[in-house]
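In what follows, chains carry the letters A, B, and so on, assigned in the order in which the sequence lines appear, proteins first and then strands, with residues in each chain numbered from 1.
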Amino acid sequence: MEDFLSLLNESQRQAVTYNDGPSLVIAGAGSGKTRVLTYKIAGLLQQGYAPSSILALTFTNKAAREMKDRIAGIVGENLANKLWMGTFHSVFYRILRIESDNIGFPSDFTIYDSADSKNLIKTIIKGMKLDEKTYNPNKVHARISQLKNNLVTPQSYMSRNDLHEVDMHARMPLMKDIFTTYTNRCLKAGVMDFDDLLLYTNILFRDHPGVLVKYQNYFKFILVDEYQDTNFAQHLIIKKLADRHHKVCVVGDDAQSIYSFRGANIENILRFQEVYPECKLFKLEQNYRSTQNIVRAANSLIDKNKEQIKKNVFSENSEGNIVKVFSAYSDTEESNIVANAILAMHQSKKYEYKDFAILYRTNAQSRILEEAMRKKGVPYKIYGGLSFYQRKEIKDVLAYFKLSINHADEEAFKRVINYPARGIGETTVSKIAECANMHNVSFWDVISNPLGYNLQVNSGTALKIGNFRMMMEEFTAETESKSAYDMATTIIHRTGILKELYQDKTPENMTRQQNIEELLKSIHEFCETKEEEEGEEMPLLNVFLQEVSLLTDQDNNKNENLDMITMMTVHASKGLEFKNVFIVGMEEELFPSNMSTGSEESIEEERRLFYVAITRAEENCYITYAKSRFRNGSSAYCNPSRFLKDIDPDLLELPDDYKMSHGRVLREALDSQFENFRRQEPTGYNLKIKNTTETTSFKANPPKFNFNLGTRMKPMSSTAATPNPNSISNFSGQDNSNIKVGDFVEHEKFGIGKVTQLEGLEGSTKATIEFRNSGVKKILLKYAKLKVIKG
DNA sequence: ACTAATAACATTTTT
DNA sequence: TGTTATTAGT
């Protein structure tokens, strides 16, 4: 304990060592929040708290994993692995499965992601013959999500006139019926959506006091990361669980609350002290990330927000440069300015490409930036867009997994019933749907007993349905005895997915093949780590599914070390840091978004978003805006963002032409601007632009290569390696084809061993290896990370 | 039942 | 503009 306390500053140390009751840790940007959390947990473990008595909740799997790793580094893997540490959703998914009997769900209920939820809502709206424009499925989904986040069930909705009035006002008087039907359909299908995981946890604790007491006693200490992003459902779960021991520590920064549109309630952190009057407040105010001028600029901005917890964030780093603003005539020019600036700074040898990030408000802005980077030869990676697990081919395979585990899963059923095409078309599916809804049973129930439910199909179709059913039943039977990886390969072979994908060589198909390969690889890795870490003999498919259903792309950070600039939305940048940050598109209607200019609260949230963007920068922060921009097909004129006026003019270097359009409005800004000119030192990079012709003045050397240096994190159509169309075996990157019986090999995890047997076909050879310390293992060569050593 | 063509549509998105 | 969803046609 003592040894790591010396690594903390005074306020960090106080926050870490106080464990007598509830505490609120306000952690300013870059103030070492994760450090406090990890040391606190490590300290609790060293004090003798059992790891299983500590509940630590995060918002991303990545955050949980990183924290667990750091704790493992202090107290060892054994203890760290036993912590209840994970996302809200994964932890309570686990608990809900254990307690499923109490809430009327099967123990292996599956998860609908937001796309599944929206699909179901859409079919319900269609089924009710409602107009899809007034009952916009996206809006309905958002509303239902909002209701659930506030713990409104269809039952309690009825007794709430205020809620109904809101929906009447939105011209959706039948919201209640859609909500009810949606809830019933999910129940019937044995599925929960993301919001349900929190809602049903609350229902479980509300209706089963014995269960609540069990977990209250179990969790002696509760920690919550990013508390400013919790919603009401999450707040209440924490409150209930902490009700016995009161040892709850929440960490967060109200100034970085940017997810209210998803139900996060900033009040949770603002009013935490009212909920727990005996609460201790700790403020982490020293920023270790950014220069003083960046911290000051950010402070001056966030100061304009009314609702916030007072804090004095400061930096003792060097003073650094002030924030520089550049204007461009168009979005194209803006992109070129940024690309040229990056090239210039890179060529000065002071920075690598990975020291740069371009942050924007909307994903749509990435395209034009991407183009500029490609033209100038700046290597880049883009985060965002479709996540791996949302890809069609991945969802298709996962749907087979889900349906094998849970026959009732309606969305999974609809997804795979005719994929690959087996002649069960739209009409047949709607007949099944009709039947199922009429008898209030699942789709699977209908095809299990077509005669009993009077399903009207011709004999040919009936046969096809029967075949599908038999195939699925075989899968289900096999999931009991085969490992997740074996099941996965079985399924993609026997369903014909593989054949389908390897039929033609369109570029889209090639990336699909690669994605399926990637999925298989990850399942294999999953099985390996489960075997090693948890000693599970055979990790089953349902175990994999439980984990993968709550996984997102944020967890794939394998490209982290490549020397490329990063492009992402400001939202996606939260928690990250870069030496140089470019915030682009700083215009009215875009940042703040025109969707958020309605209320003061949403403007404050946009301002916090801007605050998050600025505080990502360690050394230099640049802001750009364009005077015209292509938006929704046509070019539109834009004005600089109002937020530029919120930053202390002494800490901002505005472009000359800012006064042309804002001279009258911004006298003070301009006055100080002139002062700045006099006392500002040149930075070494001539980034300033005054007019279009001068843009060329910092045009960097032309790119040496003409081909695309940029890579997207998840290419939709990629020019990457071509997999062998006849086998699914050569994408893993491991070439272990030279391994022979008798060789000595070294495995990343199992250590040194001797190959005693090889079996199976080429491409999927299994090797039996006797490891010196890890025993005998059978390993698939194509995935194994093996090194041959001379024996 | 599948493909091609057209219309409609567009924030942010830790799970 | 660029994507996505529905519709018409084969």
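Among the nucleotides B:dT11, C:dA5, B:dA10, the one closest to the side chain of A:K122 is C:dA5. Nearest nucleotide to the A:S596 side chain, out of B:dT11, B:dT13, B:dT15: B:dT11. Comparing C:dT6, B:dT14, C:dT1 against the side chain of A:F630 picks out C:dT1 as the nearest. Picking from B:dT14, B:dT11, B:dA1 the nucleotide with the shortest atom distance to the side chain of A:D229 gives B:dT14. Of all nucleotides listed (B:dT14, B:dT12, C:dT1), B:dT12 comes nearest to the side chain of A:T362. Comparing B:dT14, B:dT15, B:dT11 against the side chain of A:T87 picks out B:dT15 as the nearest. The side chain of A:T60 lies closest to B:dT15, out of B:dT11, B:dT15, B:dC2.
A donor-acceptor contact under 3.5 angstrom links the side-chain atoms of A:R361 to the base of B:dT12. A donor N or O paired with an acceptor N or O is found under 3.5 Å between the base of B:dT15 and the side-chain atoms of A:R262.
In this structure, the CD1 atom of A:I237 is 12 Å from the C1' atom of B:dT15, given to the nearest Å. Nucleotide B:dT11 holds its C1' atom 10 Å from the CD atom of A:Q365, rounded to whole Å. Put simply, CG on A:N363 is 21 Å from P on B:dC9, counting in whole angstrom units. When rounded to the nearest whole Å, the span between CD of A:E132 and P of B:dA7 equals 19 Å. Taking atom CD of residue A:E226 and atom C1' of nucleotide B:dT13, one finds them 14 Å apart after rounding to whole Å. The interatomic distance linking A:K139 (NZ) with B:dA10 (P) rounds to 7 Å, in whole Å. If you measure from atom CD1 of A:I258 to atom C1' of B:dT13, you get 10 Å, rounded to the nearest angstrom. Atom CZ in A:F88 sits roughly 11 Å away from atom C1' in B:dT14 (whole-Å rounding).
A:F401 and A:F544 have perpendicular rings, their planes meeting at more than 60° on a 0 to 90° scale where under 30° would count as parallel.
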Check your understanding: So A:D108 and A:N406, side chain to side chain donor-acceptor pair (under 3.5 Å) or not? Walk me through it.
Key -> CA-CA 7 Å; A:D108 44 16; A:N406 173 15; over 6 Å; no
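An aromatic stacking contact links A:F261 with the base of B:dT12, defined here by ring centres under 5.5 Å apart and ring planes under 30° from parallel.
Using C1' as the reference atom, B:dT14 and C:dT3 are 25 Å apart when rounded to the nearest Å. Nucleotides B:dT12 and C:dA5, compared at atom C1', are 23 Å apart to the nearest Å. Distance check on atom C1': C:dT6 versus B:dT11 gives 24 Å, rounded to whole Å.
In textbook terms, a nucleotide whose glycosidic angle is within 90° of 0 is syn, and B:dT11 is one such case.
Across all strands, A:S90 comes closer than 4.0 Å to no nucleic acid atom at all (heavy-atom distances). Heavy atoms of A:S593 sit under 4.0 angstrom from at least one base atom. Within 4.0 Å of A:E605, counting heavy atoms only, lies no atom of the nucleic acid at all.
Comparing A:E426 and A:N136 against DNA chain B, the residue whose closest nucleotide sits nearer the 5' end is A:E426. Nearest-nucleotide mapping onto DNA chain B: of A:G423 and A:M595, the residue sitting toward the 5' end is A:G423.
With A:Y135 as the aromatic partner, A:K126 does not meet the cation-pi criteria of under 6.0 angstrom to the ring centre and within 45 degrees of the ring axis. For the pair A:K240 and A:F205, the cation-pi test (distance below 6.0 Å, angle within 45°) is failed. Geometrically, A:R608 does not engage A:F610 in a cation-pi contact, judged by NZ or CZ lying under 6.0 Å from the ring centre and within 45° of the ring axis.
Panel note: side chain A:T597, backbone A:N594; a donor-acceptor pair is recorded below 3.5 Å.
Exactly one of A:Y259, A:Y227, A:F88 qualifies for a ring pair (Phe, Tyr, Trp, His ring centres under 6.0 Å) with A:F59. That residue is A:F88.
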